[in-house]
Asker: 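Mind looking over this structure? Questions follow.
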Amino acid sequence: GSEVAAEQCQEEEVEDRLKEHMDNLLDKSAKTRQAALQSLRLAFSSKTLSEFLLERRLMLTDSLEKCLKKGKGEEQALAGTVLTLLCLQMGSGPEGEEVFHNLKPLLVSVLTDSTASTGARQSCATALGMCCYIAAADLE
C-alpha cells in the first residue's frame with residue numbers, strides 16, 4: 001500500500017514539474033524558455049507521458065509555436081526537438097496528426113528561412129520528417 005502511495009506521490013511531483021516547465025515556455029526571458037524546453041526534452045525522451053500530454057497538447061502546441069516564431073537559434077532548435085518528441089508521445093492517432101497539422105506550416109517556414117540558424121533549420125527539418133512519418137494522415 002505505501003509503495004503505491006509513494007509512486008503516486010512521485011508521479012504527481014513529476015506532473016507538477018512538467019506543468020511548471022510548460023508555463024515557463026511563455027516566460028518573457030529567453031533563458032527561462034530555453035531551460036523549460038531543455039527540461040521538457042529530457043522528460044519527453046525518458047518517460048512515456050502520453051496520458052498527461054493528451055489533455056495538454058493544445059496548450060503545449062501553442063507554446064511551441066510561439067517559441068518557433070519569436071525565438072532565435074537555440075530556442076527554435078530546442079522547440080523543434082520538443083515538438084518531435086511530442087509527436088512521438090502522441091503517436092499516429094488523431095492527436096498526433098492534429099499536433100503535426102497545426103505546426104507543419106511553421107516548421108516549413110523556419111526550414112526555408114535563410115536567416116534562421118543552421119541548428120534551428122536542422123531541428124525543424126528533423127521535426128518535419130519525423131512528425132510526417134509518425135502522424136501525417138495525408139500520404140503526400
Side-chain angles (χ1 to χ4, degrees):
S2 64
E3 286 180 22
V4 173
E7 188 175 308
Q8 188 174 7
C9 184
Q10 185 180 14
E11 194 167 311
E12 287 175 9
E13 283 180 31
V14 168
E15 288 182 3
D16 287 344
R17 281 197 307 266
L18 286 171
K19 288 175 192 173
E20 185 179 322
H21 296 316
M22 287 184 210
D23 289 342
N24 286 343
L25 290 178
L26 301 173
D27 198 272
K28 289 185 179 193
S29 165
K31 284 188 177 203
T32 302
R33 292 191 307 269
Q34 284 181 11
L37 286 165
Q38 288 171 335
S39 297
L40 290 172
R41 179 186 66 190
L42 184 64
F44 291 4
S45 61
S46 61
K47 188 172 183 170
T48 302
L49 300 160
S50 47
E51 289 297 318
F52 172 81
L53 293 171
L54 195 59
E55 57 199 46
R56 293 168 181 83
R57 72 185 181 281
L58 295 177
M59 183 271 251
L60 190 53
T61 302
D62 287 345
S63 298
L64 290 173
E65 181 178 348
K66 287 179 178 125
C67 289
L68 285 168
K69 276 184 181 175
K70 297 178 180 171
K72 300 282 182 242
E74 181 70 17
E75 183 178 348
Q76 288 178 313
L78 285 166
T81 302
V82 171
L83 174 60
T84 302
L85 294 169
L86 178 61
C87 266
L88 281 168
Q89 292 274 349
M90 292 293 96
S92 61
E95 295 85 8
E97 185 181 334
E98 177 186 33
V99 168
F100 174 61
H101 180 74
N102 289 341
L103 289 177
K104 179 184 171 192
L106 189 53
L107 289 172
V108 171
S109 173
V110 174
L111 179 60
T112 58
D113 180 2
S114 60
T115 63
S117 76
T118 305
R121 293 173 73 187
Q122 178 183 359
S123 180
C124 287
T126 301
L128 189 62
M130 288 295 292
C131 293
C132 186
Y133 179 74
I134 294 164
D138 184 8
L139 294 177
E140 283 185 43

Asker: Considering residues, nucleotides and ligands other than E15, do more than 12 of their heavy atoms fall under 6.0 Å from its CD?
Answerer: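 It does: E15 CD has more than 12 such atoms within range.
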Asker: Between E75 (side chain) and Q34 (backbone), is there a donor-acceptor pair under 3.5 Å?
Answerer: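 Not confirmed, E75 side chain does not pair with Q34 backbone.
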Asker: Linking I/L/V/M/F/W/Y whenever their side-chain heavy atoms sit closer than 4.5 Å, directly or via other members, would M59 and L49 fall into one cluster?
Answerer: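 Yes, because M59 and L49 connect within a single hydrophobic cluster, where side-chain heavy atoms sit under 4.5 Å apart.
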Asker: I'd like to know if L85 and V14 are part of one continuous hydrophobic network [Ile/Leu/Val/Met/Phe/Trp/Tyr, side-chain heavy atoms within less than 4.5 Å].
Answerer: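 In one cluster: yes.
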Asker: Taking all non-hydrogen atoms of both residues into account, name the closest pair between I134 and C87 and its distance.
Answerer: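 Nearest heavy atoms, I134 then C87: CG2-O, 3.8 Å.
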Asker: Please check if the side chain of S123 supplies one atom and the backbone of G119 the other of a donor-acceptor pair under 3.5 Å.
Answerer: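 Not a single qualifying donor-acceptor pair exists.
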Asker: Nearest 0.5 Å please: distance from the CD atom of E97 over to the SG atom of C132.
Answerer: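 Answer for the CD-SG pair, E97 versus C132, is 11.0 Å.
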Asker: Can you check whether R41's main-chain N or O pairs, donor with acceptor, with S45's side chain at less than 3.5 Å?
Answerer: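 Such a contact is found between S45 side chain and R41 backbone.
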Asker: Can you check whether E65 reaches N102 side chain to side chain, under 4.5 Å on heavy atoms?
Answerer: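 E65 does not reach N102 side chain to side chain.
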Asker: Within the side chain of T84, is there an N or O that forms a donor-acceptor pair under 3.5 Å with the backbone of G80?
Answerer: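 Checked: pair present.
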Asker: Could you measure the distance from the CG atom of L106 to the CG atom of L128? Nearest 0.5 Å is fine.
Answerer: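 L106 atom CG to L128 atom CG measures 11.0 Å (nearest 0.5 Å).
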Asker: Filter on salt bridge (Lys or Arg N to Asp or Glu O under 4.0 Å), then keep only pairs touching residues 43-64, sequence neighbours left out; what's left?
Answerer: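 For residues 43-64, and leaving out neighbouring residues, the salt bridge (Lys or Arg N to Asp or Glu O under 4.0 Å) pairs sorted by first residue read R57-E98.
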Asker: After noting the C-alpha distance and the side-chain angles of T61 and L83, does the key distance pass the side chain to side chain contact (heavy atoms under 4.5 Å, CB included) rule?
Answerer: CA-CA 8 Å; T61 302; L83 174 60; 5.8 Å; no
Asker: Side-chain atoms of residues 16-27: list all donor-acceptor pairs with protein atoms under 3.5 Å, sequence neighbours left out, distances to 0.1 Å.
Answerer:
from: D27; atom 1: OD1; to: S29; atom 2: N; distance (Å): 2.8

Asker: Should C67 and L37 count as side-chain neighbours, where that means a heavy-atom distance under 4.5 Å?
Answerer: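 Yes, side chains in contact.
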Asker: Taking A120's backbone N and O only, do any of them form a donor-acceptor pair with Q76's side chain (distance below 3.5 Å, no angle check)?
Answerer: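 No; zero donor-acceptor contacts below 3.5 Å.
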Asker: On a heavy-atom basis, which atom in L86 and which in F44 lie closest, and how many Å separate them?
Answerer: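 Between these two residues, the closest heavy atoms are N-CD2, 4.2 Å.
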Asker: Is the backbone N or O of M90 less than 3.5 Å from a side-chain atom of E95, with the two atoms forming a donor-acceptor pair by type?
Answerer: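 Answer holds: no.
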Asker: First locate atom CG of L111, then atom OG1 of T126, and finally report the distance between them rounded to the nearest 0.5 Å.
Answerer: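 Output value for this atom pair is 9.5 Å.
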Asker: I'd like to know if L58 and L54 are part of one continuous hydrophobic network [Ile/Leu/Val/Met/Phe/Trp/Tyr, side-chain heavy atoms within less than 4.5 Å].
Answerer: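 L54 and L58: separate clusters.
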Asker: OG of S63 to CG of L68: how many Å apart, nearest 0.5 Å?
Answerer: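 Separation between the atoms: 11.0 Å.
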Asker: Is there a path of hydrophobic side-chain contacts, each under 4.5 Å between heavy atoms, that joins Y133 and L107?
Answerer: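 Shared cluster, yes.
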